[in-house]
Structure formats: structure tokens, C-alpha cells
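Okay, so here's the structure we're looking at.
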Amino acid sequence: MMWRFVSFYMLLVLQGSLTVLSASAQEGIRVLMPAPLQLTAGGQRLSVTQQFTISVKGHPDPRLYAEASRFIRRLSERTGIFLDGTGYVRPADTVSSATLLISVKRPGKLELHEDESYRLEIDARQAHLVAETDLGAIHGLETLFQLISADTTGYYFPGVSITDRPRFAWRGLLLDVALHFQPVEEIKRTLDGMAAVKMNVLHLHCCNDQGFRVESKVFPRLQQVASDGQYYTQEEIREIVRYAGQRGIRVVPEFVVPAHTTAILTAYPGLASVKRLYTLQRYFGVFDPVLDPTNDSVYIFLDKLFTEMAGLFPDAYFHIGGDENTGKDWERTPHIKAFMQAHGMKAYMDLQTYFNRRLEPIIRRNGKTMMGWDEILQPGIPKDIVIQSWRGNAAYYESVRNGYRAILSYGYYIDLIQPAAYHYANDPIPDSVTLTAEERARILGGEATMWGELITPETVDSRIWPRTAAIAERLWSPGTVRDSDDMYRRLDVVNLELEGLGLRQETNRAGMLRRLANGWDTKALETLVDVLEPLKIYDRNQGDTMYTVFSPLTKLADVAIPDQRLPRLFNRWVEDFLGGGVAENRIIAQLQIWKDNDLAFQLLLSHSPVLEEAAPLSKSLSELAAAGLEAMHYIRENKPAGGDWLRRQSEVVQRATQQSGRCELQVVTAIRRLIDRAAE
Ligand code: ACM
């Protein structure tokens, strides 16, 4: 793993990052993410030696022993040290002189509001991790791992005193396994990443129009005809829940009803509002098929199904979706219209509230609290449900002001390919909002949402990570921790730590580049892809018309990642240079690389037709870089470029803003600033 660290840091140095990561990256204190509540640096250091041992005191859940053992394995993998094989993790009664002493009062419960706090004291002799519950201790172990530092004397933990606890109790990630299926191994990787940044809820979006992904023994047609054979057996679900619990993570399932139910209706069409042929939906978007809320069989079905599913997922919360019902199939169905009239319902949302109110006792009978998307917030819905806000802040504040508990997902839609800084700035309780203490307490936290339209097991890690670590920090750390430059500095390091843990965002990218290059050298492609990002928000899928469940997600827009580092750096160099700084040479060197790259790219293209869609971008990058170089020349000579020159370059800039292959160049604005300066 180390070579990757070295090469990445060297790369940053070569690229002349203004923040010199090469020296600081090994100083663990500076890269903690999420940032702890309180940290005091002690000046001492605890060396990592072959004699490293852990002992455990108190009454933790046995999962702590497994996590402590995992810590030792990770430590040896990270440092390359062969630890003495004399029993690594022991109860403290026998060995209290261990390198790491963990003291835990009681087993943690996988419940909302459980104590997750910890304290970590490190001096030259010992690290002492103290927590009320083993869940806090598990978070502390992740902090300790991030603290691993190195210099010429070897590996060490810097002396610190840390007091830490989460700001919000609900720190989740929604993983959509319905639109595209994700195998168990991918879910486990995701859970490892979540644990590394102290997240504690995996929200598993289990079904949608494209498939029903959990085996039902009561209604086996759900997996037989409504999953394309891509579903989790009940055994696998138990394994996911067990694995998550081991990492201190709850699993909250979502079974979305009454809309987004094409898969359910493919298996059981008798439950539909409109009689028609139902087959699995191959496109993505919002569709009319919906359960018939006037049909008692629907409630009998949901009672049996949800009772079965509730038994698989031990968590106290059960998500019933409730979003994006078009209401059209209800409006066009005479017996449903008649039902609405007979019950004095004016709008289809009144009927959905009727449906939710019949559903809620089913959920409650299973010992669960119901949650749903903000659409379910309607008059008459019981107060103990939890609202998950996604359409804006209005429903969210309305929820907590009206006595409901809420979690925030609006602003955390990582599927929309926005920069980490955007999500990072999105606070569940921003300074600008006035809420009473009780209302604040009803804000449980937030969830990043990894919707599945455009992800496969190969690309999903690069969509979740590292940006989700920024959201994890927003939900864990004090609201005053909000410097986005500092967040990015640490995010680049965390990204590699996540790779070290087995996540594959960098590894898979390299493999995807090789596939696209059809076996030829990937360098020219990589140089181009490093400045591309996929189209953002919902533009990439052209209003849900382009992609189906079986479209290739192996192309330019899939290998391009959100929030590219090099454009971020380049922007900073330009900022620095235009402000009178010294970044001139690096800008020129980089522009020269981009200018020359198209020649090599053209050669690659002649061997790899799949790259046709990249050709306009490669050409634009080259032209744009040439314009940038000319601009640098004018600026250096302190000689204003003429109007003709500026007009020609404006056309270049205009061409460079055109998307191709559902991607756009990320350096246009920075180079345009150089061009504008040259003309002044
Ligand atoms: C949603 O994004 N439809 C909850």
C-alpha cells in the first residue's frame, strides 16, 4: 500500500500543490477526518514496534475484540512491521502494560442516541482509549489509525489528548441496490469506508421499479420474476446486518410504496391501481404504476411482506419510501376516484396519507418506527414517524416545528456529482435558521444518498468516496469546523486511506482507463480524463432518456470522477498567479502538457474507437491550453493582447464549454481568466 502513498504525494509535489502534503501527510494529527471535538497535542510520541499489543478492560460487546484484532492487522499492513506473535488482544487483567489499553464500561446497543463518545490519551508509554460503550471505542480505534505517523525514525502515534463525540446521532449513507444491484462484497466495502469516517447508518434502498432485491419466502415471485436474478438471499441480508453491526453500523431498510412499485406489480399485478401488463422497468425516472390503496389485498400483502422483511432487519426504523407518486394511475381509475369522493378526499395526496395511516400500524406491530421521504408529511400522520427531507429545506423545518423528527438528505445527493465543498457547506442546522432547543433536538442528522441510476460495482466507490467523508465530517464534527480548503487537504489523504482499506475508487479507475485504451498506453487518456467531470445534477441522463439498466457504464463519463483534484489545484495556481503569486511556471508547464496531449490522444484513438466521444474534448483542451500559453506570454511581457486575439480566443473558450461523452472540461474558467487578464 505504501507505494501508493508515496507516488500520490510525489505527484502532488510535482504538481506543486500549494499545500505541501508530502511532509504533513504523515503527521496524523493534521489529517484527522472527521475532526474531533477537542484535541490537544502533547509533544510526545508512542513508537509502533514489534511489541505492539492491545488489552481490553471493562465490559464491551465481544465485537470490540474483533475490531481490535482488525486494527492490529491494519497496523501491520500499513507499517510493514511483523508484530510479535504472542497474543495480540487480551483482557486487561493479565496485561495492563499493553501499548494500547482500551477501557469500556458496557456493551453498546445499535440504537439511535447510543453513547458513541470516546477519549484518547497518548503519551510515550501507552495509548489509552476510554469509552462508555464499545461503539465509542470502535470510533476511537479509527481515530488512532488515522493518527499513524512516520518519519526517518519509523512509525509512531503522536502524543495527543482527544475528547470526541458526534454532533448528530444519525450519520447515514443511502445505498440504492435496486436501480443497479450491488453485490454483498461491495456493501461490505462500503461499510468499511463508513466505519472509517464514523458513519453509523446504512440505509439500504431495497426495491424500486427496476427490481426487488431481497428474497421473500412468503412472496417468492418477487425475486423469481422481479429481480433479473439479482437479489440477496435472506442469509446474505443477515450477513450484511451482522457485518454492519460489527462495525457499529445500523442497517435501515427501505421498501418504497405505494409508487416506484413496478417490480412488485410485475410479480403481483393484482395489487395495481390500473390493470395492465407490468414488466420490470428498464429506464430510470418517475413512473405511474402504483399500488391500489382501496384494495384490502394490498394491506394484507404489505402486512405479510413487511413482517417478513422486518424480521430480517433488526433495526428499530423501517422506511416506507412514499416519494414521487404521480397520482395519475389513481386519477384515471374510476373506482379509486369514487373512493376518494366517498371519503371526502380532494387530492391524491389525501389518498396517499390514508394509505400511510393504514400502513403505520403494520410497521408499529413489528416493533418499528416508520420513516419516509418528505412527501409523507401530511396532516394526520402520527407524530413519532421520521421524515427524511430531500426536496428542500421547507418540509424539513416544518417537520421539526410540528413535532416530527427529521433527517436531512437535501444537499447530500452525491449521485448529482457536485463537489465535496458543496455538500460540506450544507449544515443540518445552519446559522441562518431559528429553531428552539426542542426543535433542534428533533433534527437527528443526515444521510448522503447514493442513488443507483448510473453506478455499477466498478464505479460506485468513486461516486461515494471520498466526497462522503466530507459529509461524515459535517455530521460528526462541530459546526464550526467548516474551512473547505482544509477539508480538501484532509480529504485527499482520507481517499488513500479508504483505498488502503479495500475500497476501489482509484484501482478501478486505472482498470477502466486500460479497458478504454484497448490495451494501449493510457497516459494520454489519463491526462484528458484528469480534467473531465461527468455532467452534473440530472443533465447526464438527458431527462432519464439515455440510460437503461443494461447501458454500458464503462465509458468516459464513468471513468471521470466528480471533484477532480488537478482542476482544483490548477484553479488555485491561477488564483495565486493573478494575485501576484509565484505559480507562473507550474501553470505554463501544465498548459504545455495539455497542449501537446492531443497528438498522443489521436494516436490512441486510432486503436480504440470507443474513445471517439473524447476526441472533441481532447482537441478543445489542446486549443484552450494553447490560448492559455499565449495569454501567459502577453501577461509576462506586460503587453495587452489585441481585440482580434481576444475574439479568436473567445471562440476557443466557447468550444471548450461543449460537453461530449456526457463530460465537460473543468479548466475552462481558470484559463478564461488568464485570457481575460491578457487582454486588460
Ligand atoms: C428521492 O430522491 N426520490 C427520494
Side-chain angles (χ1 to χ4, degrees), residues 170 172-180 182 201-213 252-264 281 283-291 317-329 348-349 352-353 355-356 359 370-378 381 385-399 404-418 422-423 426 428 444-455 460 463-464 467-468 471 536-541 543-544 547 549 562:
W170 193 301
L173 169 67
L174 177 152
L175 183 62
D176 169 7
V177 295
L179 274 54
H180 278 96
Q182 299 291 341
V201 181
L202 176 68
H203 170 162
L204 208 56
H205 183 81
C206 294
C207 59
N208 209 299
D209 299 300
Q210 297 76 10
F212 192 96
R213 305 296 181 200
V252 174
E254 178 186 352
F255 292 92
V256 52
V257 285
H260 284 303
T261 42
T262 308
I264 292 177
Q281 180 54 253
Y283 282 87
F284 307 106
V286 178
F287 306 98
D288 294 340
V290 60
L291 300 173
Y317 291 80
F318 194 94
H319 200 302
I320 55 109
D323 59 318
E324 297 185 319
N325 179 9
T326 67
K328 288 186 187 154
D329 272 12
Y348 75 87
M349 277 316 290
Q352 184 160 338
T353 299
F355 170 83
N356 289 337
L359 211 53
M370 184 164 107
M371 56 188 298
W373 298 105
D374 53 39
E375 283 95 331
I376 76 167
L377 181 67
Q378 296 286 332
I381 202 81
I385 66 166
V386 175
I387 302 293
Q388 182 164 13
S389 168
W390 73 282
R391 292 181 302 178
N393 284 330
Y396 170 65
Y397 297 131
E398 194 188 328
S399 305
Y404 295 92
R405 292 173 301 158
I407 60 175
L408 183 65
S409 277
Y410 176 69
Y412 296 139
Y413 265 46
I414 52 176
D415 58 318
L416 303 186
I417 311 293
Q418 287 160 293
Y422 165 81
H423 300 299
N426 184 47
L444 301 178
E447 275 186 10
T449 55
M450 185 67 261
W451 291 105
E453 284 92 336
L454 299 172
I455 51 171
V460 61
R463 273 45 185 159
I464 299 178
R467 290 176 303 150
T468 296
I471 298 174
K536 296 176 183 50
I537 320 293
Y538 294 106
D539 288 347
R540 178 168 168 201
N541 198 1
D544 291 321
Y547 291 89
V549 167

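Bear in mind the structure is a predicted one, so any value in this text is a computation, not a measurement. When a ligand or atom number is given, it counts from 1 through the structure's own listing order.
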Do any N or O atoms from the side chain of [X] and from the backbone of [Y] form a donor-acceptor pair under 3.5 angstrom?
{"X": "Tyr396", "Y": "Tyr410", "answer": "no"}
{"X": "Tyr412", "Y": "Gly172", "answer": "no"}
{"X": "Arg213", "Y": "Ala178", "answer": "yes"}

**Request:** Please list, chain by chain and in numerical order, all residues satisfying side-chain contact (heavy atoms from CB on, under 4.5 Å) with Glu324, sequence neighbours excluded.
**Result:**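 Per chain and number, Glu324 pairs via side-chain contact (heavy atoms from CB on, under 4.5 Å) with His260, Val286, Glu375, Trp390.
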**Prompt:** Does Asn325 have any side chain to side chain donor-acceptor pair (under 3.5 Å) partners at least two apart in sequence or in another chain, and if so, which?
**Reply:**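 Gln352.
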**Item:** Partner set under side chain to side chain donor-acceptor pair (under 3.5 Å) for Asp374, not counting sequence neighbours
**Value:**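 Residues passing side chain to side chain donor-acceptor pair (under 3.5 Å) with Asp374: Arg391.
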Starting from the N and O atoms of ligand 1, find every protein N or O within less than 3.5 Å and list the pair with its distance.
from	atom 1	to	atom 2	distance (Å)
ligand 1	2 (O)	Tyr413	OH	2.5
ligand 1	3 (N)	Asp323	OD2	2.6
ligand 1	3 (N)	Glu324	OE1	3.3

